[in-house]
Protein chains: 2
Amino acid sequence: MSIQPEQRSEEAASKARLRLWLRFLKTSRIIESELREKLRQEFASTLPRFDVMAALSRYEEGLKMSQLSGVLRVSNGNVTGIVDRLAQDGAVVRVPVPGDRRASMVRLTKRGQEEFAAQAAAHEAWIDEMLAGFSPDECADIAARLDGLVASLGERES
Amino acid sequence: MSIQPEQRSEEAASKARLRLWLRFLKTSRIIESELREKLRQEFASTLPRFDVMAALSRYEEGLKMSQLSGVLRVSNGNVTGIVDRLAQDGAVVRVPVPGDRRASMVRLTKRGQEEFAAQAAAHEAWIDEMLAGFSPDECADIAARLDGLVASLGERES
DNA sequence: CTAATATTATTTAGGCTTGAAATATATTCC
DNA sequence: GGAATATATTTCAAGCCTAAATAATATTAG
């Protein structure tokens, strides 16, 4: 019934990784819910809307729906709804793609750009305050390790 | 129009923290979506259901709805729906609390315990595989820093 | 050219999530 | 005791999210 030392350490490693993941998730939820609440209170907006606008803000010419869902790692149908609402509010427009009548480019309007600029500045300040306990070096260190993790997770897709 | 060195470094610190948060979020989404997919494919279940069962599994005597939503950091109304569905599937029961007819304890059934045990073992293995690039020491190190962050975020609520 | 296949986006059904309002029960203060 | 207040939970409307089905258009193979 006894186990070998190697099995024991494998088991400890597994538990340590699980513990890390649970802390990770907890941290992420706390920060996300704080951001959600501030976006709601100060801008009457939501995190998904902010995420879509942030993605679009990096592409002057806009993004196709499929590119948008790819960048954000959410489903196609999801993006449709969020973009619909942003378009209703005049923050984005769908521009036809010449030569492909299936697709359209989604682009921030001038108004959308302005709204996003204000939200992005506030967002950065909120994060800065919440992560104040981390020095820039510490941030860079952890970020680099997460990059490594993301890369290794990406490779596993085969 | 020029800025002082201190302002410049403040700005750099803010950007470093923002970068960390973005990596953090990306990592979290990748892992979560992988877990979601595996839970669906291998157990025909979902992450929210798993989370509720995980919380309940730590309390033999069960938890009140409000405790459950507190532990999981989600809204009250949310938990109602998830518990409703788990109860329909026979994984949990609502037990009246003697002396307080408003409240009830939610508790895993025997069947719920068995289901959860199988899912938890698989879950730990998935995490172990995804975080294989992190050594136990590295995990403990990062987990400790996240604990510090969570603590500092908790204090800010005043 | 035409048929088969692939791509792009939307729709649909079902579940998750929130904040606010509603309901029921407890507690506290006179 | 009875009124005001607080607590526990559910309900509701709106939006988020997914996977699967559908529709429209493009591309490729024969």
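Order of the sequence lines fixes the chain letters, A, B, ..., with proteins taken first and strands second; residue numbering starts at 1 for each chain.
Rounded to whole Å, atom P of dA8(D) lies 12 Å from atom CE of Met105(B). One interatomic measurement links the two molecules: CG of Leu72(A) to P of dC17(D), which rounds to 9 Å at whole-angstrom precision. Rounding to whole angstrom units, CD of residue Gln67(A) and C1' of dT7(C) are separated by 13 Å.
Side-chain atoms of Arg19(B) never come within 3.5 Å of backbone atoms of Ala140(A) as a donor-acceptor pair (strictly under, hydrogens ignored).
Applying the ring-ring contact (aromatic ring centres under 6.0 Å, His included) definition to pairs two or more places apart or across chains, those involving residues 102-122 of chain B are Phe50(B)-Phe116(B). Sorted by first and then second residue, the pairs that involve residues 20-31 of chain B and meet salt bridge (Lys or Arg N to Asp or Glu O under 4.0 Å), not counting sequence neighbours, are Asp51(A)-Arg29(B), Asp147(A)-Arg23(B).
Within the 4.5 Å cutoff, side-chain heavy atoms of Leu35(A) are placed close to those of Ile127(A).
Ile30(B) and Trp21(A) fall within a single hydrophobic cluster, where Ile, Leu, Val, Met, Phe, Trp and Tyr side chains are chained together by heavy-atom contacts under 4.5 Å.
For Asp141(B), the salt bridge (charged side-chain N to carboxylate O under 4.0 Å, His left out) partners at least two apart in sequence or on another chain are Arg145(A), Arg145(B). With sequence neighbours excluded, the residues that form a side chain to side chain contact (heavy atoms under 4.5 Å, CB included) with Ser135(A) are Asp137(A), Glu138(A). Not a single salt bridge (charged side-chain N to carboxylate O under 4.0 Å, His left out) links Glu42(B) to another residue, sequence neighbours left out. Residues passing the side chain to side chain contact (heavy atoms under 4.5 Å, CB included) test with Phe43(A), sequence neighbours excluded: Leu39(A), Ser45(A), Ala118(A), Gln119(A), Ala122(A), Trp126(A).
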Cut-off 3.5 Å, no hydrogens considered: what does the side-chain donor-acceptor table look like for residues 55-64 of chain A, sequence neighbours left out?
| residue | atom | partner | partner atom | Å |
| --- | --- | --- | --- | --- |
| Ser57(A) | OG | Ala54(A) | O | 2.7 |

Side-chain donor-acceptor pairs under 3.5 Å in residues 90-97 of chain A, sequence neighbours left out?
| residue | atom | partner | partner atom | Å |
| --- | --- | --- | --- | --- |
| Arg94(A) | NH2 | Asp84(A) | OD1 | 2.1 |

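Residues from residues 57-65 of chain A placing a heavy atom under 4.0 Å of any atom in DNA chain C, listed by number, are Lys64(A), Met65(A). DNA chain D is contacted by Gly99(A), Asp100(A), Arg101(A), Arg102(A) of residues 86-102 of chain A, taking any non-hydrogen atom closer than 4.0 Å.
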Check the interface with nucleotides 2-4 of chain D: list each N/O to N/O pair with the protein under 3.5 Å, or write none.
none

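The residues Arg17(B) and Glu124(A) are annotated as not salt-bridged, no charged nitrogen and carboxylate oxygen being separated by less than 4.0 angstrom.
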- Verify salt bridge (Lys or Arg N to Asp or Glu O under 4.0 Å) between Asp89(B) and Arg111(B), making sure each step is shown before the conclusion. CA-CA 10 Å; Asp89(B) 296 349; Arg111(B) 176 169 162 192; over 6 Å; no

- Task: Produce a footprint string for nucleotides 12-21 of chain C: one letter per nucleotide, 5' end first; B if the base is under 4.0 Å from any protein heavy atom, S if only the sugar-phosphate is, - if neither.
- Result: ---SSSBSS-

